[in-house]
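To start, the structure itself, in structure tokens.
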Amino acid sequence: MKIGYPCINWSIDCSSGRTFRLKSYSEERLIKTVENNLECLLSILKFNKENNILFFRITSELIPFASHPVCTFNWQEYFNPRFKEIGNFIKLNNIRISIHPDQFILINSKDYKVFENSVKELEYHAEVLTLMKLDTTAKIQLHVGGVYGDKKKSIERFVNRYKKLGEKIKRRLVIENDERSYNLFDCLSINKETGVPILFDVYHHYINNSGETLQDAFEIFSNTWKKETDGLPMVDYSKENEKKGKPRHADRIDIGHFKRFLKDTKPFDFDIMLEIKDKEKSALKAVKIASSDSRFKRVI
DNA sequence: TCACGTCAAGCAGAT
DNA sequence: ATCTGCTTGACGTGA
């Protein structure tokens, strides 16, 4: 069991997701920005390692416009030594990595052009992990996509499109249950057809489920991960924001809730991504809580 | 130096 | 029709 947080560290005075406007694109600007982003990424990983935070989601913004036609620069070759260096640090310290393409990436879109653009973006994500020479336990997590008024057809479309993807994407791709369209069982039906592992989002499951218990859910998604090639299952953890109004992620970790969560999931081992607004602050607290858990002790 | 309009990309649900 | 959340602010023009 490793514990981590996504993309941003507020304690360190840098961002690994600096970007710029498309209008101001230039090769020079791209190089400068990516240099900054990679350097900051390594700083964050070092901070994490020192604090026993061994799971991290790399931002999709690492290489701005990587999949956009405007970018003809061979960033893969230019930054190859830097990627290798970061990859070495990750492997040396046994850090788990995930990456989450954003909401525009839709495999099952009705618009074929959107699918094609999504493939380009997925190739970029896969390349980042491959340039770091990470094995296939480093995952790209994606939602199933839109429903377009017909869930059955949209799931079929996902399955057919998935089969067209290259091996470099497929060996890293995992799907995540979401809070309104595709719940765990919907994901499971896609897993049956494709073998794609299911990344379980605890908070989304709380909002959108089919009545199954948390233990049943853990049994189901855990079995979709192959231990040797996929590694331990990944779990996104969050909880309802206390502030009334629309459902959203919590601002900070709820210690009691997290303790109960660890207890309730006792028979299962997995890596936890804390989707909580205050990022590394909550991760530090979670590490402290988990430090007496035998699953956590195994990795540090 | 600061305010604030806008930023590559899509969908769904609420207003 | 328009706004908001999603993993979430931050870029950059104009004053």
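Below, each value reflects all heavy atoms present in this structure, side chains not excepted, and no hydrogens, waters or symmetry copies. A note on names: the letters A, B, ... follow the listed sequences, proteins ahead of strands, and every chain is numbered from 1.
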Return no unless some side-chain N or O of A/H143 is found under 4.0 Å from OP1 or OP2 of C/dT7. yes
With heavy atoms under 4.0 Å as the rule, sort A/S24 into base, sugar-phosphate or nothing. sugar-phosphate
Strictly by modelled atom types, are A/D254 and A/H257 linked by a side-chain donor-acceptor pair under 3.5 Å? no
Looking at A/R29, does any N or O in its side chain come under 4.0 Å of the phosphate oxygens OP1/OP2 on C/dG12? yes
Take the protein atom OH of A/Y25 and the nucleotide atom C1' of C/dG12, then report the distance between them rounded to whole Å. 19 Å
Would you verify whether the NZ or CZ of A/K151 falls within 45 degrees of the ring axis of A/Y182 while also being under 6.0 Å from that six-membered ring's centre? yes
Take the protein atom NE2 of A/H204 and the nucleotide atom C1' of B/dG13, then report the distance between them rounded to whole Å. 14 Å
Run the numbers on A/K139 and A/L199 for side chain to side chain contact (heavy atoms under 4.5 Å, CB included), then give the verdict. CA-CA 10 Å; A/K139 294 301 187 190; A/L199 185 153; 6.0 Å; no
Provide the distance between the two P atoms, one in C/dT13 and one in B/dA8, to the nearest whole Å. 12 Å
Which value, in whole Å, describes the distance between the C1' atoms of nucleotides B/dC11 and C/dC11? 25 Å
Between B/dT6 and C/dT4, how far is it from one P atom to the other, in whole Å? 14 Å
From CD1 of A/I97 across to P of C/dT7 the rounded distance in Å is 18 Å
Do A/E275 and A/S238 have a side chain donor and acceptor closer than 3.5 Å? no
d(CD1, A/I44; P, C/dT7) in whole Å: 19 Å
Would A/F56 and A/Y5 count as a ring-ring contact (aromatic ring centres under 6.0 Å, His included) if you check the C-alpha gap in whole Å, the side-chain angles of each, and the deciding distance to 0.1 Å? CA-CA 6 Å; A/F56 188 67; A/Y5 61 94; 5.3 Å; yes
Where protein sits on nucleotides 7-12 of chain B, one letter per nucleotide: B base, S sugar-phosphate only, - none, heavy atoms under 4.0 Å: BBBBBS
Kindly compute the distance separating NZ (A/K170) from OG1 (A/T136), expressed to the nearest 0.5 Å. 14.0 Å
Nearest whole angstrom, please: distance from the P of C/dG5 to the NE2 of A/H100. 17 Å
With heavy atoms under 4.0 Å as the rule, sort A/S15 into base, sugar-phosphate or nothing. nothing
Test of understanding: clusters of I, L, V, M, F, W, Y form through side-chain heavy atoms closer than 4.5 Å, transitively. Do A/V287 and A/I272 belong to the same one? yes
